[in-house]
Amino acid sequence: MDLVFDVLIVGTGLAGIYSALNLDKNLKVLLITKTKVNECNSNLAQGGISVARDSDDIEIFIKDTLNAGKDENNLIALRILANESSFNINKLVEFGIEFDKNEKGFEYTIEGAHSVNRIIHCKDSTGKEVINALYKEIKKRKNITIFEDTQLIDLITDNNICYGGAVLKNGTAYNIFSKVTILATGGIGGLFKSSTNYRSITGDGIAIALKNNVKIKDLGYIQIHPTSLYENKLRGRRMLISEAVRGEGGKLLNLKGERFVDELSARDVVTKAIVNEQFETKSAYVYLDVSFKSNEYIKNRFPAIFKECLKIGINITEKPIPVTPAQHYLMGGIEVDVYSRTSMTNLFACGEVSCTGVHGRNRLASNSLLEALVFSKRAADLINNDIENIELKKFYKQNSIKSLTAIEKLNKRIILDSLKSVREDFVNELVEC
Ligand code: SIN
């Protein structure tokens, strides 16, 4: 079956829905997700969103991001990220998102490797609040259609030009022809045995890009979050214990109750210190303690973490939380320019699936949602300008794949093979294909 849209967006996390909302209302837009709309990592983001607080903070924000990223960041993209941060945060406020405030305005918090408090948040459920508010807006837009349970099988391409995607929706194959296609499929956490990501986030966009010879960059730049909840029996993903807990004073302790690292160092530094500590004490976890704060403060500032830990018998107002590092984020991905254009004409990539280069080798905390906002907005603006000049063509590509399991298996194999070739040290952490 054939369907025709102006823009096809694959993925319903922040990058996907924010680009949809920034496209002209007269464009016919289709958003697809292989699961359900809210099964995206943006929804799980707890800590918050970084923003340059004022013009004086721009250079400091850039310096902090460069320090965390080991100076491997793309400076042009990073400057754009910092300069356009407050514009996009104001847009979120216009969409009705109520970030926590105090008498002076936003209640900024701090996380590892930031030199000032510049992270805005909605308690410890920032991603969920942002996604919910934007969905309300999406539902009002008559030009935007959403297909859930719809898997991208392959891109429809000819001569390095993208004309949409072949998809499978509830067992039926469709050709979605579009002038522009945006991949916003997220990272690769589902390929790791231990990750804070949804299990369904398995790098599909990157696998499909690899299959179509679209340029990929820094696939080996994988971030391990220092603090996920340690549970003896892993239930799917590991629950994140936000870096904001350390930002608000939480202390990392070894089994003897001693501190062993500056909790606000960059993520790679804290992760390394925890891994060493676990190795030396032959323990599968260390502790993150916030119990010295008042009950009222903890329940008000970290209500979701409090509730989730309580479900497994840990009252964080009384006890330290057992934590262990887990895969969290991919800094690399589909190589894009500062308008999110990939190496294939009319194919864009936004959010974690893309590699703008802003993060360098190691992402500064709370820069991921900001990157999704800034660069999906830039993609949408460019598409709004150029789409009139793009010709819609129908090409048919033979696809033998007819089942969801077969697509997932193929995608997983493509990306696992690439990953193994760049990160031999992670091979034992990867799932079997
Ligand atoms: C966190 O709250 O620690 C995660 C936010 C992020 O990955 O930047």
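In listed order, ligands and their atoms are each counted from 1. Along the sequence shown, residues carry numbers from 1.
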Which residue and non-hydrogen atom of the protein lie closest to atom 7 (O) of ligand 1, and at what distance in Å? His328 NE2, 2.6 Å
Aromatic contact between His359 and Tyr221, with the criterion being ring centroids under 6.0 Å apart: yes or no? no
Heavy-atom contacts under 4.0 Å between Leu369 and ligand 1: side chain, backbone, both, or neither? neither
Judging by distance only, is a nitrogen or oxygen of Gly47 under 3.5 angstrom from one on ligand 1? yes
Ligand-side contact atoms (ligand 1) for residue partner Ala365, heavy atom cut-off under 4.0 Å: 8 (O)
Could you find the nearest protein heavy atom to atom 5 (C) of ligand 1 and give me its residue, atom name and distance? Arg267 NH2, 3.5 Å
Side chain to side chain contact (heavy atoms under 4.5 Å, CB included), paired with Leu288, selected from Leu253, Leu229, Leu252, Ile274: Leu252
Only one of Lys36, Lys34, Lys169 clears side-chain hydrogen bond (donor to acceptor under 3.5 Å, both in side chains) with Asp149; which? Lys36
Numbered in order shown, the ligand 1 atoms found under 4.0 Å of a heavy atom of Arg363 are 6 (C), 7 (O), 8 (O)
Determine whether a donor-acceptor pair (N or O, by modelled atom type, separation under 3.5 Å) exists between the side chain of Lys91 and the backbone of Asn22. no
Could you walk me through whether Asp204 and Asn411 satisfy the side-chain hydrogen bond (donor to acceptor under 3.5 Å, both in side chains) test, starting with their C-alpha distance in whole Å, then the side-chain angles of each, then the deciding distance to 0.1 Å, before giving a yes or no? CA-CA 6 Å; Asp204 296 303; Asn411 285 349; 2.9 Å; yes
Considering the heavy atoms of Ser242, write down every atom of ligand 1 situated less than 4.0 Å from one of them. 1 (C), 2 (O), 3 (O)
So which heavy atom in the protein is nearest atom 8 (O) of ligand 1, and how far is it from that ligand atom? Ser366 N, 2.6 Å
In this structure, CG of Leu30 is separated from OG1 of Thr181 (nearest 0.5 Å) by 10.0 Å
Does any N or O of ligand 1 fall below 3.5 Å from an N or O anywhere on Asn367, backbone included? no
Heteroatom proximity flag, Glu243 to ligand 1, N/O under 3.5 Å: yes
Distance filter under 4.0 Å to Leu240 heavy atoms, resulting ligand 1 atoms: 1 (C), 2 (O), 4 (C)
